[in-house]
Enquirer: 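There's a structure below that I have some questions on.
As the structure is a prediction and not an experimental result, all values here were calculated from the model. Within every chain, numbering begins at 1; the chains are lettered A, B, ... in the order of the sequence lines, protein sequences first and strands thereafter.
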Amino acid sequence: MSEKQHLYLVDGSAYIFRAYHRLPPLTNPTGIPVGAVYGYTTMLWKLATDLDTAVGPTHLAVILDKSSQSFRNDIYPEYKANRPPPPEDLIPQFPLIRDATRAFSLACIEEEGLEADDLIASYARSAASRGWDVTIVSSDKDLMQLVGDRDGDTGAIDMLDTMKNSRIGMAEVEEKFGVLPSLVGDVLALMGDSVDNIPGVYGVGPKTATKLIQEHGSLTGALDAAAAMKTSKLKERLLEHRAMAELSRVLVTLKEDCDLPIPIEDFALDGVPPEPLTEFLQTHGFTSLLRRLDSGRGSPGRANDLNPAKQVHAAAGTNSDAEGGSRQQLPELPAIDRSAYVCVQDMDMLRQWIGRAMALRVVAIDTETSALDAMQADLVGISLGLGANDACYIPFAHGGHDLLSDTPQQVDREEALAALKPLLESDAVIKVGQNIKYDLNILARYGAKVSPVDDTMVISFDLDAGRSMDGIGGGHGMDELSQRHLGHTTLTFKDICGSGKKLIPFGQVPLDRATEYAAEDADVTWRLYQHLKPRLAIEGGTRVYERVDRPLIEVVAGMEREGVKVDRASLAKLSEGFAVEISKLEQDIHALAGREFTIGSPKQLGDVLFDTLGYKGGRKGKSGQYSTDQAILEKLADQGAPIANKVLEYRQLSKLKSTYTDALQAAINPRTGRVHTSYSLVGAQTGRLSSTDPNLQNIPIRTAIGRQIRESFVAELGNVLLAADYSQIELRLAAHMADVPTLKEAFAEGQDIHARTAQEMFGTVDRDTRAQAKTINFAILYGISRWGLAGRLGVEADEAQAMIDTYFQRFPGIQRYIVTTLESVRERGYSETLFGRKTWFPRINSKNPNERQGSERAAINAPIQGTSADIIKRAMVRMLPALRDEGLGNVRMLLQVHDELVFELPEGDVEAAKPVIEAVMAGAALPAVELDVPLGIEIGSGPSWGAAH
DNA sequence: AAGGTCACG
DNA sequence: GACGTACGTGACCTTG
């Protein structure tokens, strides 16, 4: 009996792109970039060491793309036409990929005129037809068409995503596409693919495509059925784009009958460590792999009988070591093992965990709650992480309320919290969380003042803001970080609790499942901390994290818990008034249009304005839809279109009503009677905060009618609101950072900066020139382009260019700032604020001009906007202690709006508080940075936020 | 789920 | 020669 054969086909080309984006830009000892090669090598290593496992390969080949041209280009010249060329530092790595493959003595297949996908398909079918199992190492959705279970004498075909460490079988394909693999091609043909430039049917995405194929059984079925559908956009598009869909079907079809250049038998793995490997690893400085080879541990092609927990690297490689270049060498931790997690169900065991945490001085924590809103949710359990796979979950409130008999054994919540409190509040133990602000707020409501804390999400932000690590995203959420840094796919909340209608509260989750999920979160947080915290010191992130963002966490948590009072009655009255006005306007607009339509639909409105009523205006954008935004409507109004003003008014009132007067009433917390926003510390790439649920950073102020909403933000009886804002902080920072003598002098003398700009530029100051100067000043901050400025000023591009030239001439330093900033970002990949906060710009050297220029503008702005964010954050951190020192312990800090802080305080404290607040804000850069310009502060107070301005 | 629009700094 | 053109956000609405 011959043993079971299992062929692995590695989609090498796809892999190296992903490895390139995921790994830091390492170089080998001779300076050639090898980041992607390193990723590829470790992947091959891992696959080859699986030789003796049940699902491991007996045969393996790597398939590469030889050229970008294939038979598909003959059918459709646009195929893959919009694909940008590979990044420059990836190009020299392609030949090295072949070297790496050869070093492992593995087969490497590439054929002129054939895409890797077609070769993979042909090899896979051929092997499966002989009864071999096949695993395709790729995550390409086109290849999912091939997946299938064993069927009689035909072997199974599945896929393996080595980055996500997940298998893709029939079930996964069905989950993704909603159809069997044999119909995946039909779905792909309908939805198209922007990466490969496969057209599909315009307007049909994955959801619609799946639905159509499910309903009609096939692409042809769906297209044939279109004629009988009831009138809709979809029907129209299916009929119109039928040919494109059919063409797409051909393009996504894999060619399964290619000649096989090397017979499959030749792919056999023989278990002997290949000779050329050592040399290859040495040449490229892959020292940790060399060590593994030397010590005989898991050498490729050989059985790996070692407990992975014992595979520990020597710490800290040299700088010439490719792996040590930008990342510290870390001990390799054992793989996540959820079965190791402990459910703590009695006080004795809880005390043991607390004792160990106290001794370790670092504990990862995570709270599980009944809802997302930290101001309303009930605590149902806490998990602790003390080490890799050393994590527990402590449930307090699990079990059905209706089935008392089913309630599992748990510790009493009050008793448990009383036992945990000394740990949570101990100065000697760092509590690490992923977004620990949330846990801080929950636990504060149960009487625990958690401190000191560290936050893996914030650390990730301070290291990697703006970095898109693997094309999937550059976010800082736990699931993403786990994937990126640990290569581990976490259980998601959705996995455990479901979503939509089937969502169950966490307290209803059975304890075994709850323990897996909750303890894993603590485990992953602990592991991420091991990864990320050391990077701060190595990569220069310590100052901004320790001095700005880390201390800010509890300050912001406090502001969120304070909330702000809004006057429900006055909001309700505004809503009512708006409703009356809105319905009047609706009638007027319908009358002017001559028919009823949905004014809130830009599409319908565009048709009415430009088709029905025949006003002049342009089409716009990919959707082929008329644009109807404010600027267009204002132009129409100037042309004498009465309907335009009505629509503008309608839009304004609808916006105010739905987004503010209605929504804010709904946001009042029934327990506290106040509105509690949630600030994100990682929301804006520049380092600014952002505010959600509700967003209190975009409350109207620019129009009189909107300002009424600010009047509804009020103080408690006997108190007032005080608003303090930095005046022109970004321009002041630009003057300092670009070292512009004229601007610095103007700020030092307290001049009107836009007027001074007008004087310098035009030699005269009036309303017009001042307004123009103001526009230009902003244009500078945002990264100028002559077309952009021309559009704003309503002048020709060359006139705008002349203004820019004058500006650069009158304010020398600005141009130098722009040039040097861009040079530095192009070279290093990131910009930096005066306090060392980095923002990464991975597209700064893009070949796509739009992408590149967009990055350039953002990169010019980021140091300025980011420094401003650093400064107000430093002020926030110092504010309450400074006030307390002056006996002003009753002042509460409520809101931050980028350059403004809002406080609530007893009326009698206002005069004493003002100078303290002003001093803290004005001096917030010190002592780290001494600015050449003063920071001006404007302060006002009154019964409402509106009145405080 | 995406695009358009608009509120803020 | 066209593209789309100022930086950073979040919420709501309509439509597919």
Enquirer: Measuring from the side chain of A:Ser627 (C-beta onward, heavy atoms only), which nucleotide among C:dG8, B:dT5, C:dC12 has the closest atom?
Expert: B:dT5
Enquirer: Could you check A:Lys437 against A:Glu560 for side chain to side chain contact (heavy atoms under 4.5 Å, CB included), going step by step and ending with a plain yes or no?
Expert: CA-CA 10 Å; A:Lys437 175 162 65 63; A:Glu560 293 177 358; 2.7 Å; yes
Enquirer: Let's see if you can work this out: which of C:dG16, C:dG10, C:dA6 has an atom nearest to the side-chain heavy atoms of A:Lys603?
Expert: C:dG16
Enquirer: Can you check whether A:Gln604 has a side-chain N or O nearer than 4.0 Å to OP1 or OP2 of C:dT15?
Expert: yes
Enquirer: If I pick the C1' atom on B:dC6 and the same atom on C:dG1, what distance separates them, to the nearest angstrom?
Expert: 33 Å
Enquirer: For A:Ala862, answer base if it contacts any base atom (sugar-phosphate contacts may also be present), sugar-phosphate if it contacts only those atoms, and nothing otherwise; contact means non-hydrogen atoms under 4.0 Å.
Expert: nothing
Enquirer: For A:Ala779, report the nucleic acid contact type (base, sugar-phosphate, nothing); a contact means any heavy atom under 4.0 Å.
Expert: base
Enquirer: Base, sugar-phosphate or nothing for A:Asn695? Non-hydrogen atoms, less than 4.0 Å.
Expert: sugar-phosphate
Enquirer: Mind checking what makes salt bridge (charged side-chain N to carboxylate O under 4.0 Å, His left out) contact with A:Asp549, not counting sequence neighbours?
Expert: A:Arg837, A:Lys873
Enquirer: So what does A:Thr677 touch, heavy atoms closer than 4.0 Å: a base, only the sugar-phosphate, or nothing?
Expert: nothing
Enquirer: Give the nucleotide from the list C:dA6, C:dG8, B:dC6 with an atom nearest to the side chain of A:Lys655.
Expert: B:dC6
Enquirer: A:Arg237 side chain N/O closer than 4.0 Å to the phosphate oxygens (OP1, OP2) of C:dG16?
Expert: no
Enquirer: Name the nucleic acid region contacted by A:Glu730, choosing base, sugar-phosphate or nothing; use a 4.0 angstrom heavy-atom cut-off, strictly under.
Expert: nothing
Enquirer: Working to the nearest 0.5 Å, report the span between CE of A:Met191 and CG of A:Asp193.
Expert: 7.0 Å
Enquirer: Does the side chain of A:Gln625 get closer than 4.0 angstrom to OP1 or OP2 of C:dT15 through an N or O atom?
Expert: no
Enquirer: Against the six-membered ring of A:Tyr830, is A:Lys838 placed for a cation-pi contact (under 6.0 Å from the centre, within 45° of the normal)?
Expert: yes
Enquirer: So, OP1 or OP2 of C:dA6: does either fall under 4.0 Å of a side-chain N or O from A:Ser785?
Expert: no
Enquirer: Checking base pairs now: Watson-Crick or wobble, both atom distances under 3.5 Å. What partners C:dT14?
Expert: B:dA2
Enquirer: Using a cut-off of less than 4.0 Å, is there contact between a side-chain N or O of A:Thr659 and OP1 or OP2 of C:dC12?
Expert: no
Enquirer: NA contact type, A:Ile699, heavy-atom cut-off 4.0 Å: base, sugar-phosphate, or nothing?
Expert: sugar-phosphate
Enquirer: Which base, if any, makes a Watson-Crick or G-U wobble pair with C:dA2, both distances under 3.5 Å?
Expert: none
Enquirer: Taking the side chain of A:Gln853 as heavy atoms from C-beta outward, which of C:dG4, B:dA7, B:dT5 is closest to it?
Expert: C:dG4
Enquirer: Are a donor atom and an acceptor atom from the side chains of A:Gln685 and A:Thr839 found within less than 3.5 Å of each other?
Expert: no
Enquirer: Does a nitrogen or oxygen in the side chain of A:Ser678 sit under 4.0 Å from OP1 or OP2 of C:dG10?
Expert: no
Enquirer: Choose from B:dG9, C:dC12, B:dA7 the nucleotide whose nearest atom is closest to any side-chain atom of A:Gln865.
Expert: B:dG9
Enquirer: So A:Arg786, base contact, sugar-phosphate only, or nothing? Heavy-atom distance under 4.0 Å.
Expert: nothing
Enquirer: Establish, with yes or no, whether the OP1 or OP2 oxygen of B:dT5 is under 4.0 angstrom from a side-chain nitrogen or oxygen of A:Thr628.
Expert: yes
Enquirer: Would the base of B:dG9 count as contacting A:Arg702 through its side chain, where contact means a donor and an acceptor less than 3.5 Å apart?
Expert: yes
Enquirer: Assign A:Asp693 to base, sugar-phosphate, or nothing according to its heavy-atom contacts below 4.0 angstrom with the strands shown.
Expert: sugar-phosphate
Enquirer: Roughly how far apart, to the nearest Å, are B:dC8 and C:dC3 at atom P?
Expert: 32 Å
Enquirer: Using the P atom on both, measure C:dG4 against B:dT5 and round to a whole Å.
Expert: 15 Å
Enquirer: Can you list everything that forms a ring-ring contact (aromatic ring centres under 6.0 Å, His included) with A:Phe811? Sequence neighbours excluded, please.
Expert: A:Tyr807
Enquirer: When you measure from the side chain of A:Gln685, which nucleotide among C:dG8, B:dG9, B:dT5 comes out closest?
Expert: C:dG8
Enquirer: So what does A:Ser691 touch, heavy atoms closer than 4.0 Å: a base, only the sugar-phosphate, or nothing?
Expert: sugar-phosphate
Enquirer: Can you tell which of C:dC12, C:dC7, C:dC3 lies closest to the side chain of A:Asn850?
Expert: C:dC3
Enquirer: Quick one: is A:Arg857 getting a side-chain N or O under 4.0 Å of the C:dT5 phosphate, OP1 or OP2?
Expert: no
Enquirer: Considering only C:dA6, C:dC3, C:dA11, which nucleotide approaches the side chain of A:Thr692 most closely?
Expert: C:dA11
Enquirer: Given B:dG9, B:dA1, B:dT5, identify the nucleotide with an atom nearest to the side chain of A:Lys207.
Expert: B:dA1
Enquirer: Thinking salt bridges, do A:Arg786 and A:Glu799 make one under a 4.0 Å N-O criterion?
Expert: no
